[in-house]
Amino acid sequence: MKSVRLFDFISYDGDSYQVIAQDGARLALKSLTTNRIRHVGVAELLADDSYEPDTPDRLPVLDDVAVLETLDDQTREETLWLYRHVHEIVHGTPPLAVLNGAEIDPNPRYDPSVPLLERIAAKADELAGTDRPLSARSLRRYVSAYRKHGVVALVDGRKRRQRKPGRDQDPRLLSLIREEIAAQEKVSTGTRTRVITRVMVRAGDLGIDFPSRNTMYRLINAEQRTHPFGDATLRRTQANRPDRTYGRRAPLRPGELVEIDSTKLDLMVVFPDGTTGRPELTTMIDVATMTPTAAVLFPEATKGIDVAALVLARSLIPLPMQPGWNEELALSRSVLPADMIEPDETLRTAIAARPLIYPETITIDRGKVYTGSVFQLACERLQISVIPAPPGTPTAKPHVERQFGAVHDGLIQYLRGYVGRSVNRRGEDPSAEAYWTLSQLQSILDSWLVQHWQNTPRKGLTVPAMPRKALSPNEMYAALSGVAPTPAVSLTREDYIGLLPTDFRSIQPYGVNFAGIVYDDADLHPLRGQRSGLGGRAKDGWEVRYDPARMNVLFVRDHLKGRWIEARWQLDDKTLAPFSSAVLEAARKAVARRDETAPQHKVLEEIIRIQSGVGVTGQERRAARRRTEATVPDLAVVVEPAEEKTCHEPQAQPKRKPVLPDLPDRLL
């Protein structure tokens, strides 16, 4: 509590004063250094943090006025009983807190005019005949403590004493326990008995007296703070928590803060060679609007590709403008069940409503895919700030981490081949249930994001004008754009090509040989058989760029004329749709087992076979299930007629052609 009185010496506003006069709510202060008079309001003086009295006040503090609310029932009843009698001694009547509105006649023996020692002696005589007698000496002690500290002085100190397990133990023993518990962070979960045994061995070597086993259990329970004897994943997660309050960043405009991260999907898919595995999902999400600017699937263990740069390129160009996207969608429509992908009008409307967001700041972790030179140089060239997250701290990018969970809960768990979040939630054989290919899953994911995710209200998306109204990502973008409009930026064809993976090849008279197939274009005629003049790793080769998801086209850089030449595969006009590098590799391996020369028309046959899934033999199915031999996936190409709106579960008989499962209506 603060107080100020006449003639007090105080410190205020960097100077020393004496209070010499008071006029209502204003004080006259005389400076002890300049003798000048200063007039200050009482409220202004007491509210100023620089005010300090030279003599600290002896006013009571209010820290313990609620002490009765912290006591157990028995201790509270004992304290109130003692409070009643001590209050009667001091003030002449029992306190209102224990009377509950009842009226009593004051006892003349406790009248304040009676000397205090006589009142204490009278109370001792009164209590002598009860089941709780108190001596006059004890009452004097209680009265003195009550007048100094209030009711808190009447509470049994043993009831308020803080428990400190191990206060009587050797500090070296407690240090050993803390070290053993801290060592559980990265090892497999054990029991408390294992910790006790290890501490016992180390304590014996140091000559420390070892307490009983029950005492050890109490000491261990008092020291454990990071879940040392539970799930190992939860323990590691808790160990990653920062030793400070979580920060909160609230961007005010789209693109101000973007997060990027990768995770392995909890879904088994069929890869082009017939094996099954879990793909990697790399996502960029805008924090202000919760819009995934890009979500790209890659095969597991993708090497030699700057994944982050490719995702950045996809995020800065609309879906219809991406080379080969329309052809991939057409193939998906022919393979996926009826109504799995909405009609052109509905899908195009959803894609048009999806905002195109230019990132200003991107938060990354320290993975190699994000520290690659192409991604870093592209961000520098586009004037995008990159913020590396602290090592082992997923809380630095919580929004993209939560979005991964939403994708699993809203889409992945409804698809065949779902493996669950952990081993104890896994089905009997998820690999045998794998059904979707990577390209099909990418089409399903793109459709779900633009139609379901972007139009579903999120609790975290609100505006001050409507704090209780949850907005969808599209609505949030519209709301923020009206307040802080941002420029709509899209990459051109040349910009998009510049972020693709790079290689160097010679231009032969027949074209460019890349990944075992030949690309050609009429614009390559002046460059055939010519050296590029590029040194370093190029070795006089010509720079080529390729999209790992769409290998039907290759981009050759003509640096002499400053242009990109789009060279297509010689048999591209006969393919069903653009194919990925994984499909091309699987097709070439399948042909190489039959013909070492791997002619292109045979590779084309295998690519069509992989994309359509026709002609799969029972032997190939069994080989794919055993994972002992790379083979073509068992895919379905027969779909229900257009007029039928329901899809049925695939049949178990090997001779029947299975039909793809349908998804819940809310995912369409």
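No experiment lies behind these values; they were computed from the predicted model shown.
Ionic pairing of Arg609 and Glu605 is not present here: no N-O contact between side-chain nitrogen and carboxylate oxygen is shorter than 4.0 angstrom. Salt bridge absent: Arg563 and Glu494 never bring a charged side-chain N and a carboxylate O closer than 4.0 Å. Residues Arg505 and Asp503 are paired through a salt bridge, judged by an N-O separation under 4.0 Å between the basic side chain and the carboxylate. Ionic pairing of Asp547 and Arg314 is present here: one or more N-O contacts between side-chain nitrogen and carboxylate oxygen are shorter than 4.0 angstrom.
Here the shortest heavy-atom pairing between Pro359 and Ile357 reads CD-O, 3.5 Å. Closest of all the heavy-atom pairs between Leu312 and Cys379 is CD2-SG, 4.2 Å. Residue Asp446 comes nearest to Ala295 through the heavy atom pair OD1-O, 4.0 Å, listed as atom of the first residue, atom of the second, then distance. Here the shortest heavy-atom pairing between Met476 and Ala288 reads CG-O, 3.6 Å. Closest approach of Pro473 to Arg458, counting heavy atoms only: CD-CG, 4.3 Å. Of all the heavy atoms in His408 and Asp266, the pair that sits closest is NE2-N, 3.0 Å.
Taking OG1 of Thr291 as the start and CG of Asn474 as the end, the distance is 6.5 Å to the nearest 0.5 Å. With rounding to the nearest 0.5 Å, the separation of CZ in Arg278 from CD in Glu280 is 8.5 Å. Once rounded to the nearest 0.5 Å, the distance linking CD1 of Ile607 with NZ of Lys574 reads 13.0 Å. One finds the CD1 atom of Ile507 at 12.5 Å from the CG atom of Asn513 (value rounded to the nearest 0.5 Å). Separation of atoms CD1 (Ile362) and CD1 (Ile387) is listed at 10.0 Å; rounding is to 0.5 Å. Interatomic distance, CD of Gln403 versus CD1 of Ile285, reported as 4.5 Å (0.5 Å rounding).
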Where do Trp453 and Leu411 land on the side chain to side chain contact (heavy atoms under 4.5 Å, CB included) test, with the steps shown first?
-> CA-CA 10 Å; Trp453 175 271; Leu411 175 65; over 6 Å; no
Apply side chain to side chain contact (heavy atoms under 4.5 Å, CB included) to Glu543 and Val556, showing your working.
-> CA-CA 6 Å; Glu543 180 183 351; Val556 182; over 6 Å; no
Please step through side chain to side chain contact (heavy atoms under 4.5 Å, CB included) for the pair Thr263 and Val400, ending with a clear verdict.
-> CA-CA 10 Å; Thr263 189; Val400 68; over 6 Å; no
Which is it for Thr502 and Val544 under the side chain to side chain contact (heavy atoms under 4.5 Å, CB included) test, yes or no, and what are the steps along the way?
-> CA-CA 6 Å; Thr502 306; Val544 298; over 6 Å; no
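Within the 4.5 Å cutoff, the side chain of Asp558 has heavy atoms near those of the Trp542 side chain. Pro457 has its side chain out of reach of Leu471: every pair of non-hydrogen atoms, C-beta onward, lies at least 4.5 Å apart. Thr363 is not listed as a side-chain neighbour of Val258, based on a closest heavy-atom distance of 4.5 Å or more. The closest side-chain heavy-atom distance from Phe298 to Gln442 is not below 4.5 Å. Inter-residue side-chain proximity for Trp436 and Val270 is flagged as unmet; no heavy-atom pair is nearer than 4.5 Å. Leu382 has its side chain within reach of Leu316: a pair of non-hydrogen atoms, C-beta onward, lies under 4.5 Å apart. For the pair Val311/Met284, a side-chain contact is recorded, criterion being any heavy-atom separation below 4.5 Å from C-beta on. Here the side chains of Val287 and Glu259 are in contact, with some heavy-atom distance below 4.5 Å.
Heavy-atom contacts from other residues, nucleotides or ligands closer than 6.0 Å to CD of Glu380 number 12 or fewer.
Using a 30° and 60° split on the angle between ring planes, Trp569 and Phe579 fall in the perpendicular class, above 60°.
No donor-acceptor pair closer than 3.5 Å links the side chain of Thr189 to the backbone N or O of Asp231. Judged by distance alone, the side chain of Gln440 and the main-chain N or O of Thr437 form a donor-acceptor pair under 3.5 Å. For Glu256 (side chain) and Pro251 (main-chain N/O), no donor-acceptor pair under 3.5 Å exists by modelled atom type. Looking only at distances, a side-chain donor or acceptor of Arg545 sits under 3.5 Å from a matching main-chain atom of Gly498. With hydrogens and angles ignored, the 3.5 Å screen pairs a side-chain donor or acceptor of Ser532 with a backbone N or O of Leu534. Looking only at distances, a side-chain donor or acceptor of Ser443 sits under 3.5 Å from a matching main-chain atom of Ser439.
Residues Asp286 and Thr289 bring a donor and an acceptor atom of their side chains to less than 3.5 Å of each other. Checking Asn455 against Gln451 by side-chain atom types alone, no donor-acceptor pair falls below 3.5 Å.
Arg253 is linked by a side-chain hydrogen bond (donor to acceptor under 3.5 Å, both in side chains) to Glu360, counting only residues two or more places apart in sequence or in another chain. Here Asp572 pairs with Asn552, Arg568, Thr575 under the side-chain hydrogen bond (donor to acceptor under 3.5 Å, both in side chains) rule; sequence neighbours left out.
In this structure, the ring of Phe514 has its center less than 6.0 angstrom from the ring center of Tyr546.
For the pairing with Asp261, the side-chain contact (heavy atoms from CB on, under 4.5 Å) check across Leu281, Ile364, Asp365 returns one residue only, Asp365.
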